[in-house]
Amino acid sequence: MLDLKALEKNFEEIAAKLKKKKVDEKLLLKLKELFVKLKKERSKLENLQAIQNKKSKLFPVYKKEGKDINELKRELEENKEKIAVSQTIVRDLENELYDIALMIPNIPDEDVPEGDGEEDNVEIKKVLTPPQFSFKPKEHWELDPNGYYLDFKRGVKLAKSRFTVLKHKAALLERALINYMIDFNKKRGFEEVAVPYLVNRESLISTGQLPKFENDLFKIEEENLYLIPTAEVPLTNLFRDEILKKDDLPIKLTSYTACFRKEAGSAGKDTRGMIRQHQFDKVELVAITRPEDSDKVFWEMVSCASDLLSSLGLAHRLVMLCGGDLGFSAAKTIDLEVWFPGQNRYREISSVSNTRDFQARRAMIRFKDENKKNRLVHTLNGSSLAVGRTLIAIMENYQKEDGSFEIPEVLKPYL
RNA sequence: CGGGGGAUGGCUGAGUGGUCGAAAGCGGCGGUCUUGAAAACCGUUGAGGCGCAAGCCUCCGGGGGUUCGAAUCCCUCUCCCCCGGCCA
């Protein structure tokens with residue numbers, strides 16, 4: 001959530017920055033006005049409450065002194081009416097305010113490039129060169145036309161489209177990758193955690209998936225729980241409503257989970273193969289830091305994911321997302337795109353984001369600083385990596401002319 | 001899923017209508033003592049909002065109600081624990 005006080009103070013500046021994310025300035029103005037109005041009405045209410053509190057305390061005194069109570073009682077009954085009216089106004093304003101505030105995305109960092117979408121993202125660097133083939137490399141589903149490794153047909157039979165069954169070496173490789181990634185991340189100082197795959201509404205509001213993206217989530221209606229779209233949600237929410245000790249920061253976590261997404265807006269996109277699934281495995285990184293440390297940790301996370309790809313021998317590039325492509329909660333995002341020889345292009349395999357205090361404010365994650373002040377932390381998240389996409393990247397990059405594929409050296413101990 | 005019991009500050013836990021934002025203990029922080037530490041002793045210690053400040057307001061799981069006044073009474077929802085059943 002935006003800092004409403006900052007919005008009130010520096011409206012022009014914030015509105016200008018949010019233009020990068022295509023936020024309607026009129027809506028922002030409305031938000032600001034609601035905030036000012038709310039503060040005014042609230043202080044009016046508080047004055048009335050102060051009167052009520054003070055005078056109510058006279059009752060025991062009057063009784064002791066044997067004074068008449070009726071006059072006082074009448075007065076307070078009247079005041080009570082005023083309080084009720086004011087309270088209703090305050091509550092309505094609050095509801096209206098939060099309905100809007102929760103729908104406004106994070107402010108992009110200064111260095112986030114302008115742009116409307118993917119085509120305006122800025123390549124930062126390329127790592128490793130894509131492999132050369134003496135034949136025309138195939139896409140992963142072409143490598144395996146009979147569904148020996150990736151059984152799309154049976155995935156559909158069991159659930160619906162965008163579900164896949166992994167078999168033989170692919171199933172083994174999936175599991176090996178998960179273990180390899182977690183071990184790799186642990187060496188970089190990220191602590192392994194195992195978390196629930198179902199979370200409640202509050203958790204999803206805190207990390208920014210709700211209320212805006214309800215349609216992207218699988219929901220268990222009768223339980224009021226949602227399947228996690230990413231481990232970022234449970235990992236970040238671990239610290240919701242907590243005040244952390246300054247010495248505990250930064251907290252750096254890694255976790256493997258399955259992830260579930262409805263892919264509501266992706267009709268027709270990547271329908272073939274395993275690029276875009278309703279259920280996929282991912283090893284995630286999450287960090288909770290002091291505000292002054294979040295940039296440093298951000299680049300640590302980018303390096304962690306990039307080095308991981310390099311260790312698997314996968315050519316990739318780093319791309320900084322432009323304002324228009326930036327996610328709802330992110331102030332800055334670097335995508336890692338891995339080379340897919342069959343598609344002859346780079347595709348996203350990891351995304352590292354700094355949300356600054358945006359999620360922390362929603363989730364009320366704070367720390368006590370050296371002056372004993374409670375301050376919001378910064379939260380960061382990144383994939384390291386999307387396991388299914390890594391699997392097919394390996395299949396494509398390590399493919400041989402006969403359709404078989406090699407296994408990267410570093411994974412062999414894991415098989 | 002059936003039966004019972006709960007939800008109070010970082011934790012344990014007292015508080016059943018009136019200066020209760022809340023006893024006590026633990027923990028944390030500061031100090032005394034000590035070469036240093038432990039122990040002991042003393043002090044201090046919830047969060048949010050408004051305000052230059054003094055100060056005021058809100059918060060005892062969430063929501064609603066009764067009352068001049070609610071942590072305390074009523075309604076409702078959620079969650080947790082125990083016993084039994086089922087089960088990885």
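Every chain is numbered from 1 and lettered A, B, ... according to where its sequence line falls, protein lines coming before strand lines. The model shown is predicted, which means the values in this text are computed figures rather than measured ones.
In terms of phosphate contacts, A:Asn374 brings a side-chain nitrogen or oxygen within less than 4.0 Å of OP1 or OP2 of B:A47. A:Asn53 has a side-chain polar atom (N or O) that falls below the 4.0 Å cut-off from OP1 or OP2 of B:C57. In this structure, A:Arg91 reaches the B:G64 phosphate: one of its side-chain N or O atoms is under 4.0 Å from OP1 or OP2. For the pair A:Lys5 and B:C50, the criterion of a side-chain N or O lying under 4.0 Å from OP1 or OP2 is met. Checking the phosphate oxygens (OP1, OP2) of B:A47, a side-chain nitrogen or oxygen of A:Lys368 falls inside 4.0 Å.
Picking from B:C68, B:G64, B:C50 the nucleotide with the shortest atom distance to the side chain of A:Phe59 gives B:C68. For A:Arg42, whose side chain is taken as the heavy atoms from C-beta onward, the closest listed nucleotide among B:G49, B:A47, B:G69 is B:G49. The nucleotide whose nearest atom lies closest to any side-chain atom of A:Lys39 is, among B:G18, B:C50, B:U67, B:C50. When distances run from any side-chain atom of A:Lys80 to the nucleotides B:G48, B:C57, B:C68, the shortest one goes to B:C68.
Toward the 5' end of RNA chain B, the nearer of the two residues A:Asn47 and A:Ser43, judged by each one's closest nucleotide, is A:Ser43. Mapping A:Phe35 and A:Leu76 onto RNA chain B by nearest heavy atom places A:Phe35 closer to the 5' end of the strand.
Separation of the C1' atoms belonging to B:C60 and B:G48 is 15 Å when rounded to the nearest angstrom. Remark: the separation of the C1' atoms in B:A23 and B:G15 is 8 Å, to the nearest Å. Remark: the separation of the C1' atoms in B:C82 and B:G43 is 42 Å, to the nearest Å.
With A:Asp144 contributing its side chain and A:Leu150 its backbone, the two residues share a donor-acceptor pair below 3.5 Å. No donor-acceptor distance shorter than 3.5 angstrom exists from the side chain of A:Asn224 to the backbone of A:Ile220, with no hydrogens or angles considered.
Among the heavy atoms of the strands lying under 4.0 Å from A:Lys372 are primed sugar atoms or P, OP1, OP2 only; no base atom is included. Using a 4.0 Å heavy-atom distance criterion, A:Glu75 is classed as making no nucleic acid contact. Using a 4.0 Å heavy-atom cutoff across all strands shown, A:Arg366 reaches sugar-phosphate atoms only and no base atom. Across all strands shown, A:Lys40 has no heavy atoms under 4.0 Å from either base or sugar-phosphate atoms. Note on A:Asn224: nothing from the nucleic acid sits closer than 4.0 angstrom, heavy atoms only.
Following rounding to the nearest Å, A:Glu223 (CD) and B:C79 (C1') show an atom-to-atom distance of 13 Å. Rounded to a whole Å, the CD1 atom of A:Ile243 is 15 Å from the C1' atom of B:C29. Taking atom CD of residue A:Gln49 and atom P of nucleotide B:C68, one finds them 17 Å apart after rounding to whole Å. Atom CD1 in A:Ile365 sits about 16 Å away from atom C1' in B:A47, given to the nearest Å. Between the CD atom of A:Gln52 and the P atom of B:U66 there is a distance of 13 Å, given to the nearest Å. The interatomic distance linking A:Leu244 (CG) with B:G10 (P) rounds to 13 Å, in whole Å. The CD-P distance, from A:Glu94 to B:U58, rounds to 13 Å in whole Å. Atoms CD (A:Glu370) and P (B:G30) sit 13 Å apart, rounded to a whole Å.
Heavy-atom minimum distance, A:Ala287 versus A:Lys252: CB-CG, 4.3 Å.
Under a 4.0 Å N-O distance rule, the pair A:Arg272/A:Glu139 does not qualify as a salt bridge. Classification of A:Arg261 and A:Glu263 as a salt-bridged pair fails, no side-chain N sitting under 4.0 Å from a carboxylate O.
Here B:G30 sits opposite B:C42 as a Watson-Crick or G-U wobble pair (both hydrogen-bonding atom distances under 3.5 Å). Across all strands shown, B:U12 is found opposite B:A24 as a Watson-Crick or G-U wobble partner, with both distances under 3.5 Å. Pairing for B:C86 is absent, judged as Watson-Crick or G-U wobble with the two contacts each under 3.5 Å.
A:Phe260 has its ring centre no less than 6.0 Å from the ring centre of A:Phe280.
Within a 6.0 Å sphere centred on CD of A:Glu94, heavy atoms belonging to other residues, nucleotides or ligands number more than 12.
A:Glu242 contributes no side-chain N or O that forms a donor-acceptor pair with the base of B:G10 under 3.5 Å. For B:G18, its base sits under 3.5 Å from the side chain of A:Lys63 at one donor and acceptor pair at least.
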